[in-house]
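Just below is one structure, and these are the notes that go with it.
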Amino acid sequence: MSWENSLGLLKYNARIVCRSNVLVSIVYSIILPFFVGYRLLNWVEAARISELLLTLPGIIIMTSLVEVDFSAGMAELVSTKKKDKGSIFLYRILIGLALMAVVIGLSQGWMLLQGSNFPSWQFFSGTLVTSLFLGLLGITAANLTGNIIAGYLIAFSYYLLEFMSGGRYTGPLYLFSLIKGVYQPKLYFLGGILLLILFNYFLLQRRNIS
Amino acid sequence: MQLLNIFRMEAKYQLKSIVFWLFVTVVCLFAFSQFGLYQPGDLSAPQPGQERYGITANLTPAEEMEQIQLYLRRDISRRSTDRVVIFLNKEVKLDNDQVQAMKDLLRQLEEGRLNYQQFAEKAAALDDLLGGNTIYSEEQRKAYLHRPMTYQEAKEAFARRAEEDGLANAFGRLLADYLGITAGFFPLFIAAFLLGRDRRTRMEELIKVRKVNPIVYVGGKFLAVVTLLTLVYLLFALQPSWAFWKICSENGWPFHPFGFIKYILGWITPTLLFTVALGMAVAELTGSGLAAIPVQIILWFNSISTLKGDYSLDKYIIRFNTSTGYDLYLQSQHAIFLNRLFYVAIAGILVAITAWSWKRRSAERKRGLNVLGEFTRSTKI
């Protein structure tokens, strides 16, 4: 694909996927500090807020990225033209990644500006990984079941499981490891993310109409 | 009649829906991982010579005032206190006025110049001054202050739980606590997309032709979902009821067959009513099922933040995270009852609002508006 084509496709996709999901996430990020307070947080508090609260919009954004494919009206329109479902998926991941980076980055930036203290790059990347992972869980579930709500349900369930059990069942692969001050698991999750992306890419490519 | 038809159609649909069954799976996993699987022989009375007998929150006024002194000294020396915000424990720095208030209270306590009533008032006032949700508030004092139990106390407490309270009741409350956590959140995935589905699959045209009353339409679907969900949750009472029946008969303790069922019906069903009604209402009012998620998340975090004892009207989930809280339960019965009535009423109001909004939306569609909206919100479910 030529450069113009790729950019055009990216912009087109950005337009169709950015709807209420983005609005909801932005509103959420804006009102969150009023509920929780970002002033003078130590690293544990910042970790809890980042891992537990800032990752939630990620589930909503990422999973709804594939919503368009499931729409009764749009599916025919889009499917007949889509010869490259896998690549479109990748574009959408990029968009999702950008959106989440914005939400997390701005929120954590605001924390720092309010005098909080935590290792910024590690927390930013770590939270982004958590968010991406949960989002990809949702996408994978949605693609496998053909039902986007199933995607949300699975992603939120995994979140809840980790939240309530505090890592009892996942041990070294605790999703919210930043709260325990451990960064290493994020690298494993990054690997998991790449695996899920590949899996979804090939899964969708197989559904191409030639 | 129409209501019954809508009810049946919706119930049949849900039973074939993958989301519904995923929901059931998730709740199963959660219930078994948190509550566990009880087997006959799992429980026995405490024996003398054990190292620990657990803790009790049953402090005398004097003990409570003593313990608060420890907290005051700690907070004064580090010039900060802990506030619980949502589920976070935030350490908040104190200003001079707050530290002074603490020092005053501490001095009065040390000099023994306060009776319990005065202490309670001053502690609550201090909590207000600190912004609320600190250990000095009545809720947290009652919930978090504790001391270890003696063997005698443990033995009596156990006898009380097994004989007076009844194990099925005690553990029934605990099970309802865990199930309530799921009931206050996951049903929204079914509820928020309930009405939009017909709209998207053009069922709506079919329905409108028959001139359905919006309340009947919305209410029928609502009742179908709530009934199914209640039945699902009631199923969770089966295994524990059987297990505790065995445990009680082995040890000669009284068994209350409705122990588990009544708490699920009494505590969880209103939570379900509210969660489903709210999900439907938010989705219908905003036009986006997704919007229901953050709304529910915020309310949910707020409701699950206290483990027990707080049944104020902002808590739509009844939390009772203990199998030993018989006294607390007796004290809280009225509050819980009123809370449940409140949420059933709210659910009714939300259903009415949803019906009104649905009617308006259909009218708009008829006039040809919002057509594009349909495409951007379409989802195959």
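What's counted below: heavy atoms across the whole structure, side chains too, no hydrogens, waters or symmetry copies. Naming: A, B, ... by sequence-line order, numbering from 1 per chain.
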Quiz item: Relative to chain B, which segment of A/Ile59 carries a heavy atom at a distance below 4.5 Å: side chain, backbone, both, or neither?
Solution: neither
Practice problem: Examine distances only and state if a side-chain atom of A/Glu45 and a backbone atom of B/Glu91 form a donor-acceptor pair shorter than 3.5 Å. | Solution: yes
Self-check item: Residue B/Ile190 versus chain A: region with a heavy atom under 4.5 Å
Solution: neither
Quiz prompt | Separation of A/Arg168 CZ from B/Ser33 OG (nearest 0.5 Å) | solution = 7.0 Å
Quiz item: Measuring heavy-atom distances to chain B, does A/Leu56 have an atom under 4.5 Å in its side chain, in its backbone, in both, or in neither?
Solution: side chain
Quiz prompt | A/Trp43 CH2: over 12 foreign heavy atoms closer than 6.0 Å | solution = yes
Quiz item: When rounded to the nearest 0.5 angstrom, what is the spacing between OG1 in A/Thr145 and CD1 in B/Ile18?
Solution: 4.5 Å
Quiz item: Which of the residues B/Trp21, B/Trp300, B/Phe20 is involved in the greatest number of heavy-atom pairs with chain A at under 4.5 angstrom?
Solution: B/Trp300
Exercise. Check for a donor-acceptor pair, side chain of A/Tyr152 on one end and backbone N or O of B/Ile293 on the other, with a separation under 3.5 Å.
Key: no
Practice problem: Provide the closest heavy-atom pair for A/Ala150 versus B/Leu22 in the form atom of the first, atom of the second, distance. | Solution: CB-CD1, 3.3 Å
Exercise. Can you establish whether the number of heavy atoms outside A/Lys180 located under 6.0 Å from its atom NZ is more than 12?
Key: yes
Exercise. Taking the side chain as every heavy atom from C-beta outward, state whether B/Val26 and A/Phe156 have any atom pair closer than 4.5 Å.
Key: no
Quiz item: Heavy atoms, side chains only, cut-off 4.5 Å: are B/Pro294 and A/Ile60 in contact?
Solution: yes
Quiz prompt | Interatomic distance, A/Ile148 atom CD1 to B/Phe189 atom CZ [nearest 0.5 angstrom] | solution = 11.0 Å
Quiz item: CD1 of B/Ile298 to CG of A/Leu32: how many Å apart, nearest 0.5 Å?
Solution: 7.5 Å
Quiz item: Does atom CZ of B/Phe32 have more than 12 heavy-atom neighbours, drawn from other residues, nucleotides or ligands, at distances under 6.0 Å?
Solution: yes
Quiz item: Would you call B/Phe301 and A/Phe35 a side-chain contact if the rule is heavy atoms closer than 4.5 Å?
Solution: no
Practice problem: Please name all residues satisfying side-chain contact (heavy atoms from CB on, under 4.5 Å) with B/Ala292, sequence neighbours left out, ordered by chain then number. | Solution: B/Leu188, B/Ala192, B/Val282
Self-check item: Under 4.5 Å from any heavy atom of chain A - which part of B/Thr25
Solution: neither
Exercise. Would you mind checking which part of A/Arg39 comes under 4.5 Å of any heavy atom in chain B, side chain (CB onward), backbone (N, CA, C, O), both or neither?
Key: backbone
Quiz item: Considering only heavy atoms, which portion of A/Ile154 lies under 4.5 Å from any heavy atom of chain B: side chain, backbone, both, or neither?
Solution: side chain
Self-check item: Residue pair A/Leu160 / B/Phe30, side-chain heavy-atom distance below 4.5 Å
Solution: yes
Quiz item: Atom OH in A/Tyr169, atom CG in B/Leu29: separation rounded to 0.5 Å?
Solution: 9.5 Å
